[in-house]
Amino acid sequence: MCPYLITDTTIAGGTGTPLTYGIDMVYDSLRCDNVHFEECESAIHINGIGNHVLINVTGQDTVTNVVEIHEDFAGTLLTLGCSRRGATNLIKDNRVGGVGTISYDLSFYQIDPEPPVTLGANLAGGTFDGGSDTPATTFCYGVSSIARNSTGDYTVTLSRPGTSAFSFSVQANSNTQGGSVDCNLVGSSTVKLVNRGPANGGVAGSPTNANEIHFTVARCA
């Protein structure tokens with residue numbers, strides 16, 4: 001991928017004949033500073049793998065989207081101080097599970113497939129259905145696999161390991177009314193979750209399947 005640098009200019013289509021894309025980046029990386037767009041359906045369109053940094057990019061009322069993200073985009077995006085300036089949308093995200101359309105200004109916006117690893121950062125999390133032998137994820141990030149070992153007993157393998165089992169803090173809950181979820185760290189990349197039914201006489205309930213289990217894994221060391 002070749003990096004492209006575009007600064008201090010205006011890119012515009014013709015009056016009444018707007019450009020489909022002012023800049024179309026496919027499998028390349030873009031650094032764009034202080035660039036204004038006019039007469040474009042989408043000022044900047046990004047697709048494929050690439051790392052993009054946009055600073056003070058603006059549109060006009062003849063621009064529909066300042067940034068449009070293709071459904072197959074798998075790179076990184078950082079915007080700083082970008083604004084619509086009359087454009088309809090700041091971001092149009094066509095990815096499945098993306099943010100959709102953002103029709104207001106944000107001083108900072110970021111897409112990064114890998115979550116940050118600073119202390120306190122959420123490294124993994126999501127929701128899965130534990131009612132079958134092969135748990136289905138509703139939404140998850142930072143996870144390479146989820147397995148059900150036995151009734152109510154699940155193993156979550158993280159996509160990025162820590163330095164030890166003490167690197168993480170785990171929290172979880174489920175839709176088992178009156179129940180609880182035990183969270184145990186196993187090694188440097190594995191979390192074990194045990195969903196239990198309601199307590200009986202003050203004693204924790206037996207493991208039970210749940211069709212909705214939520215969890216987060218944060219870095220603590």
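Model, not experiment: these values are computed from the prediction.
Side-chain contact between M25 and H52: present, with at least one pair of heavy atoms (C-beta onward) separated by less than 4.5 Å. With contacts defined as side-chain heavy-atom distances shorter than 4.5 Å, the pair I111/R95 qualifies. Contact annotation: the side chain of T208 approaches that of T176 to within less than 4.5 Å [non-hydrogen atoms, C-beta and beyond]. Side-chain contact between L78 and L54 is absent, with no heavy atoms from C-beta onward closer than 4.5 Å. Between C82 and L90 there is a side-chain heavy-atom pair separated by less than 4.5 Å. T137 is listed as a side-chain neighbour of I146, based on a closest heavy-atom distance under 4.5 Å. Between I44 and V57, some side-chain heavy-atom pair lies under the 4.5 Å cut-off. L193 has its side chain within reach of V156: a pair of non-hydrogen atoms, C-beta onward, lies under 4.5 Å apart.
When the options T10, T9, N56 are evaluated for a side-chain hydrogen bond (donor to acceptor under 3.5 Å, both in side chains) with N34, the one that passes is N56. Checking L30, I69, D93, V53 one by one against L77, the side-chain contact (heavy atoms from CB on, under 4.5 Å) holds for a single residue, I69.
Criterion: ILVMFWY side-chain heavy atoms under 4.5 Å apart, direct or through other members. Under it, I6 and V67 are part of a common hydrophobic cluster. Under a hydrophobic-cluster definition in which Ile, Leu, Val, Met, Phe, Trp and Tyr are linked whenever side-chain heavy atoms come within less than 4.5 Å, directly or via other members, V26 and L5 are assigned to different clusters. V66 and Y21 fall into different hydrophobic clusters, where Ile, Leu, Val, Met, Phe, Trp and Tyr residues are linked whenever their side-chain heavy atoms come under 4.5 Å apart, directly or through other members. A single hydrophobic cluster is not seen to contain both V181 and V194; linkage of ILVMFWY side chains at heavy-atom distances under 4.5 Å, directly or through other members, places them apart.
Taking the ring-ring contact (aromatic ring centres under 6.0 Å, His included) definition, one finds that Y109 meets it with nothing, sequence neighbours left out.
Under the 3.5 Å distance criterion, the side-chain polar atoms of S188 are left unmatched by any main-chain donor or acceptor of S164. When atom types are taken as modelled, the side chain of R85 and the backbone of T58 share no donor-acceptor pair closer than 3.5 angstrom.
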D182 and R196: side chain to side chain contact (heavy atoms under 4.5 Å, CB included), yes or no, with the steps?
CA-CA 8 Å; D182 297 342; R196 298 186 180 277; 2.6 Å; yes
Could you walk me through whether T101 and N89 pass the side-chain hydrogen bond (donor to acceptor under 3.5 Å, both in side chains) check?
CA-CA 7 Å; T101 301; N89 305 312; 5.0 Å; no
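Across all their heavy atoms, C32 and I23 have their closest contact at SG-CD1, 4.3 Å. In terms of heavy atoms, N65 sits closest to K92 at OD1-CB, 3.5 Å. Closest approach of F168 and L123 over heavy atoms only: CE2-CD1, 3.4 Å. The nearest pair of heavy atoms linking G130 to P135 is CA-CB, 4.5 Å. Pairing each heavy atom of R84 with each of D105, the nearest pair is N-OD1, 2.9 Å.
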Please list every donor-acceptor pair under 3.5 Å in which a side-chain atom of residues 210-217 meets a protein atom from a residue at least two apart or in another chain.
{"residue": "N211", "atom": "OD1", "partner": "N175", "partner atom": "ND2", "Å": "2.6"}
{"residue": "E212", "atom": "OE2", "partner": "H214", "partner atom": "NE2", "Å": "2.9"}
{"residue": "H214", "atom": "ND1", "partner": "T127", "partner atom": "OG1", "Å": "2.9"}

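Checked against a 6.0 Å centroid threshold, the rings of F139 and F128 do not count as neighbours.
Side chains of H70 and N94: no donor on one and acceptor on the other come within 3.5 Å.
The residues D153 and R148 are annotated as not salt-bridged, no charged nitrogen and carboxylate oxygen being separated by less than 4.0 angstrom.
Judged as a salt bridge (charged side-chain N to carboxylate O under 4.0 Å, His left out), not a single pair has a partner in residues 53-78 (not counting sequence neighbours).
More than 12 heavy atoms of other residues, nucleotides or ligands sit less than 6.0 Å from atom CD of Q110.
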